[in-house]
Student: 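Have a look at this one before I ask anything.
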Amino acid sequence: MMQSSLSALFWRELRIARSVGGGGAMGLVFFLILVSLTPFAIGPDLNLLSRIGPAILWIAALLATLLGLDRLFQADADDGSLDLLLTASTPLELIVVVKCAAHWIATALPLILASPLLGLTLAMEPASLGGIALSLLAGTPALTMLGAIGAALTAGLRRGGLLMAVLILPLATPVLIFGVSGAAAASGGTVPFHIPMLILCGLSLAALAGAPFAAAAALRARDA
Amino acid sequence: MTQSVALTSLIARGVGVDRGGRAIVKNISFDLQAGGALVALGRNGAGKSTLLRAIAGFLPFSGGELIHEGEASEAPLPELCHYVGHADGLKSALTAVENLAFWSRMLSGTATGASVSPLEALQQVGLKRLADFPVAYLSAGQKRRVALARLFVAPRPLWILDEPATALDVASQQVLAEAFARHRAGGGMIIAATHAPLGLVDAAVLELSATAAGALGNA
């Protein structure tokens, strides 16, 4: 019974994200714009571009993820769905996890798939292209889960997006640091590739374990 | 309809609700048996919505106690109730039948009893023709009817309704009154806040005074 309700929620979230105005494509378009403008702004210095490429891609991915996250719970709070989800027998923590999983698939997965292609425009080396995709794959779940805490805290507010970013950016900074160092380590360097990757996986798993409880507690207290 | 007697009684003893440090609802007591109905009346800002949201579990009580007894009494009260409030809980990008199918799977569970399919529920509220239209294209009254059809797709013994007849035409109000009668005949309970008559026969009346909250304390 609980599995059926969670899969119903998962497909509903994906269908809404895919629909017009659902916000699924917004992050990807923002990511494309930011990354494709960078070479024009920096100029034709290929060495410089390939050195800062991982950082540009990671900052763009971080901002693109935050862009859509503020609506994660706010849309449900606005139309009354959130109240009804509170009356479901499915634990709210699991509802948070499933909503985040659907959100990650709709917004972060396209970024990960697009990142090697965009890395080409930043003159990144082939090894680095694989490294950026892998580091985004390992790190973006942490961004989504941490963002869910901020989204839950600001669900009852109008224009809570900026407040959410302020709340979340300090927590997301370690993910950015190790993400960029992971992508850079793939094309050689002093650090072996697996060390930042293991730290990224650890950050994602810790966020996955802790964030649903924090977000669910914030959602329950939203109205009180 | 819902043949569950999962709840035999719901008793409130001196409950109150605070919001922002002010007592909005104070010292409310009622006694609701299976098949019973309670209508909360009061001026705007008297705390009707606040009381209903607290019973549904969205707000904490500041005092008193709310006891539910019956077959399903080990389940928390929110999992035994349907809440229909001012917001419809519908996603405008999805069709009416998709919305209902989702809530049918999400809200089924704890209580047992007969439920109808989303399409049959839409037929009951006279919207089968519009089942495959995105909810965004429906009128306010039609959206409200889809929201009320949620009551039929998952069996739950307690219906908490905050002004359910808003935007409904006369025929739909009649359908709603019949659904109330069937639900109560099957042992269900209804708590409603309303300004308009809902066709609830023999309903207990709970008069909320606005004095505790002040006229501006709207929930």
Side-chain angles (χ1 to χ4, degrees), chain A residues 1-26 68 71-92 94-99 102-103 106 152 155-156 216-224, chain B residues 17-20 49-50 52-62 72 75-95 98-112 118 134-136 143-144 147 150-151 154 156 158-160 162 219:
Chain A
M1 194 56 89
M2 190 185 287
Q3 274 174 342
S4 133
S5 67
L6 288 175
S7 74
L9 178 68
F10 181 77
W11 291 112
R12 176 183 94 133
E13 294 296 317
L14 277 189
R15 216 177 279 145
I16 293 167
R18 208 193 52 193
S19 68
V20 177
M26 191 170 64
R71 295 293 294 164
L72 183 63
F73 299 114
Q74 201 181 41
D76 283 338
D78 288 348
D79 66 19
S81 299
L82 193 55
D83 287 338
L84 301 177
L85 289 174
L86 290 174
T87 69
S89 51
T90 313
L92 191 58
L94 283 177
I95 290 175
V96 169
V97 171
V98 167
K99 279 183 75 78
H103 187 269
L219 290 176
R220 286 200 187 94
R222 170 184 59 103
D223 222 3
Chain B
V17 188
D18 288 358
R19 297 198 81 174
S49 297
T50 303
L52 260 51
R53 291 182 64 78
I55 295 171
F58 308 145
L59 297 172
F61 286 113
S62 57
L77 190 61
E79 293 176 20
L80 300 174
C81 72
H82 267 301
Y83 176 80
V84 178
H86 299 290
D88 288 325
L90 304 172
K91 290 291 175 196
S92 49
L94 304 183
T95 66
E98 281 173 339
N99 269 294
L100 280 183
F102 167 70
W103 287 119
S104 155
R105 288 170 74 182
M106 202 72 210
L107 298 177
S108 308
T110 314
T112 52
V135 167
K143 282 180 190 164
R144 177 43 61 109
R150 209 167 52 221
L151 298 169
R156 292 195 162 199
L158 174 60
W159 290 3
I160 299 178
D162 198 352

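Keep in mind that the numbers below use all heavy atoms, side chains included, and drop hydrogens, waters and symmetry copies. Here is how names work: the chains are called A, B, and so on, in the same order as the sequence lines, proteins then strands, and each is numbered from 1.
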Student: Report which part of B/L77 has an atom under 4.5 Å of a heavy atom belonging to chain A: side chain, backbone, both, or neither.
Tutor: neither

Student: For A/D76, which atoms come within 4.5 Å of any heavy atom of chain B: side chain, backbone, both, or neither?
Tutor: both

Student: Against chain B, work out which of A/G80, A/A75, A/A88 has the most heavy-atom pairs shorter than 4.5 Å and name it.
Tutor: A/A88

Student: If I compare all heavy atoms of B/R105 with all of A/S4, which pair ends up nearest, and what's the gap?
Tutor: NH2-O, 3.1 Å

Student: So do B/H82 and A/L84 actually touch side chain to side chain, heavy atoms under 4.5 Å?
Tutor: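 A side-chain contact under 4.5 Å is absent here.
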
Student: Using every non-hydrogen atom in the two residues, find where B/P78 and A/L86 come nearest and quote the distance to one decimal.
Tutor: CB-O, 4.4 Å

Student: side-chain hydrogen bond (donor to acceptor under 3.5 Å, both in side chains) with B/D88: which residues, sequence neighbours excluded?
Tutor: B/R144

Student: What distance separates B/L59 CG from A/R222 CZ, expressed to the nearest 0.5 Å?
Tutor: 9.5 Å

Student: Non-hydrogen atoms of chain B under 4.5 Å away: do they reach the side chain of A/L85, the backbone, both or neither?
Tutor: both

Student: Hey, are the side chains of B/W103 and A/R12 touching, using non-hydrogen atoms and a 4.5 Å cut-off?
Tutor: yes

Student: How far apart are the closest heavy atoms of B/L90 and A/D79, and which atoms are they?
Tutor: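 Distance-wise, the nearest heavy atoms are O-OD2, 3.5 Å.
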
Student: Looking at every non-hydrogen atom in both residues, tell me the closest pair between B/R156 and A/T87 and how far apart they are.
Tutor: NH1-O, 2.8 Å

Student: Kindly give the heavy-atom pair with the smallest separation between A/S89 and B/S108, and that separation in Å.
Tutor: OG-O, 4.0 Å

